[in-house]
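Notes to accompany the following structure.
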Amino acid sequence: MKLKINSIRKFITACLLVLPGWTFSQVDSASKTDKPEAPSKTKPVKNTFESVWIIDNQTVMVPVKKTFEMDVMHRFGTVKNGYEDFWGFFASSNIRLGVSYSPINNLNLGLGITKSSMLWDFNAKYAIIKQTKHKYPVSVTYYGNAAIDTRKEPTIYDGSDIKHQVEKLYYFNQLIIARKITKNLSLQVAVSHSHQNAVSGYYIKNDSTGTEIYRSMKNEHFAISFAGRYKLTNVMAVIFNYDQPLTKHPEFNPDPNLALGLAITTSSHSFQLFVGNYGLLNPQRNSMFNSNSPFSYVNKSTGKNVKGGNFVIGFNITRLWNY
């Protein structure tokens, strides 16, 4: 009997020792279950494009904080002369050298110089919205620059002399909207506004009234561009862009741009080789003054047929350093 009592006492003691641990464990488990989970941070979609450039246009991409970038952009002459200048390789070319830096996330500041017109440009780029899986279906970025012609005796598009320093200035503002549709396909559209302080023009006589009419370009110019990338491999992609002028000027209307090429990229390098119509290497000058037409058309001012297919071969090289 005494043995049974001792056995029962030991059993009850053991239960009392285990029960509190089991109880606390249940309470702990319940508190973990009832506690709401912290919402996971929504991360932006990565690598909508592999470079800040897509041929002649900026992409929505902005390098991460403390990234230094160097650009070398080159455009040969038009291919229309064929073997005579080896399809533009031996013709007069245009080159732009540029550098930029991202002091904070989403902001990139840069400057560059272009051989044509010895044009210096000072630019800024800011990522307003980044595409995410659920919240934002697209990425939105602003790009703008101010450029100045630094030649000693600069001229306007038609050869007119520029007399004042302020007439050497050009401005450009652009809103870029892009979406990474699949792992391989990304598309973007951009609306731009260009401004030139000095416009070219001349006076003509109206045959019916004999009065003089001033014909010139406008100071303001609007355009729209479409661009895209399709990845063939992890490092190679097909790229394209098309730029369409929207503003109709009384004179000197610019031609659109059609470009197609290949891009080869690594984590710190980007090389793009392509053919297109733009050759001025500055977005506002390309947008307002491009005279290389991809298509044949009839000039309404002169009534003459303008042959298309005036393409140039070009390449962009981008190098990134992250500190």
Side-chain angles (χ1 to χ4, degrees), residues 49-59 71-98 112 114-117 119 157 172 174 186-190 192 194 221 223-230 232 236-247 249 252-265 270-302 304-318:
F49 294 98
E50 270 73 27
S51 172
V52 298
W53 291 99
I54 183 162
I55 307 181
D56 297 295
N57 284 287
Q58 289 279 332
T59 69
D71 302 322
V72 178
M73 307 172 73
H74 194 289
R75 303 293 183 271
F76 296 98
T78 58
V79 301
K80 63 182 179 181
N81 293 327
Y83 186 77
E84 186 178 331
D85 56 13
F86 205 67
W87 291 273
F89 279 95
F90 298 152
S92 179
S93 61
N94 196 15
I95 303 167
R96 178 184 180 272
L97 304 176
T114 303
K115 174 184 171 183
S116 176
S117 302
L119 196 76
Y157 182 74
F172 184 79
Q174 187 176 53
S186 296
L187 298 174
Q188 78 170 31
V189 60
S192 66
S194 302
H221 181 84
I224 188 169
S225 70
F226 304 91
R229 173 220 68 181
Y230 187 83
L232 302 174
M236 183 179 290
V238 175
I239 53 176
F240 79 91
N241 76 245
Y242 178 75
D243 301 88
Q244 177 62 47
L246 297 178
T247 302
H249 299 269
F252 308 119
N253 277 293
D255 291 307
N257 170 52
L258 178 63
L260 179 68
L262 283 175
I264 300 171
T265 58
S270 173
F271 177 75
Q272 300 176 353
L273 178 66
F274 45 81
V275 291
N277 306 105
Y278 277 170
L280 295 173
L281 289 174
N282 174 262
Q284 53 266 56
R285 287 173 64 83
N286 273 331
S287 186
M288 300 187 80
F289 302 133
N290 178 47
S291 59
N292 296 326
S293 175
F295 315 113
S296 297
Y297 66 96
V298 176
N299 188 312
K300 293 182 180 179
S301 300
T302 63
K304 295 180 180 179
N305 184 60
V306 179
K307 290 185 178 180
N310 294 330
F311 290 93
V312 301
I313 297 171
F315 64 81
N316 298 334
I317 301 174
T318 301

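Just so it is clear, the structure is predicted and the values come from calculations on it, not from any experiment.
- Counting all heavy atoms, side chain and backbone alike, Gln188 lies closest to Gln58 at NE2-O, 2.9 Å.
- Distance CG/Leu280 to CG/Leu119: 9.5 Å, rounded to 0.5 Å.
- Two residues are said to be in side-chain contact when any heavy atoms from C-beta on lie closer than 4.5 Å; Gln174 and Pro283 fail this criterion.
- Counting only distance, with no hydrogens or angles, the side chain of Thr114 and the backbone of Arg96 share no donor-acceptor pair below 3.5 Å.
- The distance from the OG atom of Ser291 to the CG atom of Asn253 is 12.5 Å, given to the nearest 0.5 Å.
- At distances below 3.5 Å, not a single donor-acceptor pair connects side-chain atoms of Asn286 with backbone N or O atoms of Tyr278.
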Determine, stepwise, if the pair Arg229 / Asn241 fulfils side chain to side chain donor-acceptor pair (under 3.5 Å).
-> CA-CA 9 Å; Arg229 173 220 68 181; Asn241 76 245; over 6 Å; no
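- Residues Phe311 and Trp87 fail the side-chain proximity criterion, which asks for heavy atoms closer than 4.5 Å.
- Across all non-hydrogen atoms, the minimal contact from Ile313 to Leu273 is CG2-CD1, 4.4 Å.
- Residue Tyr230 qualifies as open at atom OH: its count of foreign heavy atoms under 6.0 Å is 12 or below.
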Assess whether side-chain contact (heavy atoms from CB on, under 4.5 Å) is satisfied between Val238 and Leu260, documenting all intermediate values.
-> CA-CA 8 Å; Val238 175; Leu260 179 68; 4.0 Å; yes
Does the ring-ring contact (aromatic ring centres under 6.0 Å, His included) test come out yes or no for Phe226 and Tyr242, once each step is laid out?
-> CA-CA 5 Å; Phe226 304 91; Tyr242 178 75; 7.0 Å; no
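- Within the 4.5 Å cutoff, the side chain of Pro245 has no heavy atoms near those of the Ser287 side chain.
- Side-chain contact check for Leu262 versus Ile239: every heavy-atom pair is 4.5 Å or farther apart.
- Once rounded to the nearest 0.5 Å, the distance linking CG of Asn81 with CZ of Phe90 reads 13.5 Å.
- Minimum interatomic distance between Leu258 and Pro294 (heavy atoms only, all atoms of both residues): CB-CB, 4.1 Å.
- Counting all heavy atoms, side chain and backbone alike, Pro256 lies closest to Asn290 at O-ND2, 3.2 Å.
- The CZ atom of Arg75 sits 8.5 Å away from atom CG of Asn94, with the distance rounded to the nearest 0.5 Å.
- Looking at heavy atoms from C-beta onward, Glu50 lies out of side-chain contact with Ile264 at the 4.5 angstrom threshold.
- Rounded to the nearest 0.5 Å, atoms CD1 (Ile95) and NZ (Lys115) are 5.5 Å apart.
- A distance-only check finds no donor-acceptor pair linking the side chain of Asn310 to the backbone of Asn277 [under 3.5 Å].
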CA sep, side-chain torsions, deciding dist, call: Asp71, Asn316, side-chain contact (heavy atoms from CB on, under 4.5 Å) = CA-CA 7 Å; Asp71 302 322; Asn316 298 334; over 6 Å; no
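- With a 4.5 Å cut-off on side-chain heavy atoms, Ser192 and Gln284 do not count as touching.
- Among all heavy-atom pairs drawn from Gly308 and Ser296, the shortest one is N-OG, 3.0 Å.
- In this structure, the side chain of Gln272 engages the main chain of Ile55 through a donor-acceptor pair within 3.5 Å.
- Ring geometry, His74 versus Phe76: the interplanar angle falls from 30° to 60°, so the pair is classed tilted.
- Taking CZ of Phe240 as the start and CZ of Phe274 as the end, the distance is 14.5 Å to the nearest 0.5 Å.
- At distances below 3.5 Å, not a single donor-acceptor pair connects side-chain atoms of Ser194 with backbone N or O atoms of Arg285.
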